[in-house]
There are 2 protein chains.
Amino acid sequence: MDDVKPYFHFGLSIDCVIFGFDQGELKILLIKRNEAPFYNTWALPGNLVHPQEELESAAVRILREIAGLEYIFLEQIRTFGEVNRHPLGRVITTAYCALINITKFHLIPGSLADRAEWVAVSDVKQLAFDHNNIFSACLSHLRHSIRTKPIGFELLPDKFTLSQLQDLYEAILQQSLDKRNFRKKILSMNILIDNKEQQKHVAHRPARLYEFDVTKYNKFLKEGFTFDL
Amino acid sequence: MDDVKPYFHFGLSIDCVIFGFDQGELKILLIKRNEAPFYNTWALPGNLVHPQEELESAAVRILREIAGLEYIFLEQIRTFGEVNRHPLGRVITTAYCALINITKFHLIPGSLADRAEWVAVSDVKQLAFDHNNIFSACLSHLRHSIRTKPIGFELLPDKFTLSQLQDLYEAILQQSLDKRNFRKKILSMNILIDNKEQQKHVAHRPARLYEFDVTKYNKFLKEGFTFDL
DNA sequence: ATACTTGGTGTAAATATACCAATAAGTACA
DNA sequence: TGTACTTATTGGTATATTTACACCAAGTAT
């Protein structure tokens, strides 16, 4: 196998686009680099994959280091392999998209998180490497899949109001939706649990709180149900 | 950078799922391997990426070697990196999906193509490596995107009848569609050119031939048109 | 009690889908 | 030459789904 040796000099990294929804805005988590190359530049959280590590495990590791979260929504988006994308050699990177419920999220002090910051997707400036490309691929992917997969719930607290859900959709899709039609459609899917709870201490009529019913959703899936908003 | 050396021993390959539409059946191109590992086993066409080669160029190279085609529809699907997926070391592979118009396709003798064969997607048996996983990811992806992107036309001759188009959709989606509604919908999109040509020498009423109007489609796209079938 | 804020609801019109069937235009063959 | 055969093309209707649209409800703040 000596003839294939030159083919075994690729580096492999994982970069994560971590989305969160906060104050009605869609945000991503960026990290200010503290080493060369791109020292002091904002970048996506990422790292080299260990020789004996699964790709997804590497992504999970990155998320754990920053956010201490173990079980979060994670999806591979695509691989970026441009020959000169990394100044130190041929490093290809596989992008993962994560969706975080920020109410469960806490930066872990003393870790990568010390240099982390949530940035609204509309405020993302120049990033290190080809991270702007990676970011926009993930954002497009999110905009696309939010319509056909019930991933939006990952970004919300366990209990949420229909208005919050709609705000989330409007923030992601960058368009406003009709309130009545939105509610009609979501409710007709029968994938929300209504615990008869309400908001409290709000200066207006309190809204009902709902939960996403994963079990029911999975049962529906088997019957050929499609989520489509 | 000595400390990162162990991270630069990944191999990278490309595997292609090449779809063609023939005799009303959706098929993929498989190759019988003539070397270890998996000697004599059917596999997806693929190869190691050269150290200075772009990922997509590697995919294009593979397609050129087999089919002599330069400009074909090609899309990255996802990367498979399981630690033990390749017996010879840590080789991760990026899967590409290609759509081929088989009327323009000719196997190139003396090349990989000598060991190539079109196989109906329903007849795909055990493949080498994790190629069954790769194949099914690409097939799912095709089934999904055929509904929202006009990629179906890539699989047909330049001039085709509406029945052929419908047969293609039925073959990919594995369901039958209403003939009149299908035609109504496609024609109302205004993305087909009708050159007033007809089939010839068929033992029945000849069908009209249409062409896909790429220019018009792109113009529509800018206005926010969405292809949705 | 009044202003303020957000929550919650129904109906009519337009569009899309499911379903039905007769005629048209060729070739094959007797 | 004509008759059988095959697939193409077309219109209409009943039903389901999607869209557009405006007002009252239920709390807090003052």
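Since the structure is predicted, the reported quantities are computational estimates derived from the model, not experimental observations. Residue numbers start from 1 in every chain, and the chains themselves are labelled A, B, ... in the order their sequence lines are given, proteins ahead of strands.
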* Round to a whole Å and report the spacing from NZ of A:K185 to C1' of D:dT17. => 9 Å

* **C:dG26 phosphate, OP1 or OP2, under 4.0 Å from B:Q198 side-chain N/O** => yes

* Asked: In chain order, what residues pass the ring pair (Phe, Tyr, Trp, His ring centres under 6.0 Å) check against B:H106, with sequence neighbours excluded?
  -> none

* To do: Would you list the pairs meeting side-chain hydrogen bond (donor to acceptor under 3.5 Å, both in side chains) in which at least one residue belongs to residues 210-219 of chain A, sequence neighbours left out?
  => A:N195-A:E211

* Among residues two or more places apart or on two chains, list those pairs meeting ring-ring contact (aromatic ring centres under 6.0 Å, His included) that have a residue in residues 170-195 of chain A. => A:Y169-A:F182

* Please identify each residue that fulfils side chain to side chain contact (heavy atoms under 4.5 Å, CB included) with A:T103, with sequence neighbours left out. => A:N101, A:P157

* Asked: Got a sec, which pairs hit salt bridge (Lys or Arg N to Asp or Glu O under 4.0 Å) with one end in residues 153-171 of chain A, sequence neighbours left out?
  -> A:K104-A:D158, A:K159-A:E197

* To do: Kindly indicate whether the side chain of A:M189, heavy atoms from C-beta on, has any atom under 4.5 Å from the side chain of A:F227.
  => yes

* Specify the angle, to 10°, made by the local axes at the two ends of the helix from C:dA1-D:dT30 to C:dA30-D:dT1 when five pairs are taken at each end. => 0°

* Using whole Å, report how far CD of A:Q175 lies from P of D:dA20. => 11 Å

* **Rounded distance in Å - CZ (A:F182) to P (D:dA20)** => 16 Å

* To do: Any chance you could list the contact pattern along nucleotides 5-14 of chain D? Use B for base contacts, S for sugar-phosphate-only contacts and - for none, protein heavy atoms under 4.0 Å, 5' to 3'.
  => -BBBBBBB--

* Asked: Expressed in angstrom and rounded to an integer, what is the separation of A:L229 atom CG from D:dT19 atom C1'?
  -> 14 Å

* To do: Using atom CG of A:L165 as one end and atom P of C:dG7 as the other, report the distance to the nearest whole Å.
  => 12 Å

* To do: Output every pair passing side-chain hydrogen bond (donor to acceptor under 3.5 Å, both in side chains) with a member in residues 185-194 of chain A, not counting sequence neighbours, ordered by first then second residue.
  => A:D194-A:R208

* Asked: Starting at CZ of B:R147 and ending at C1' of C:dT17, how long is that distance when rounded to a whole Å?
  -> 13 Å

* Asked: Which ring-ring contact (aromatic ring centres under 6.0 Å, His included) pairs, counting each pair once, include a residue from residues 61-82 of chain B, with sequence neighbours left out?
  -> none

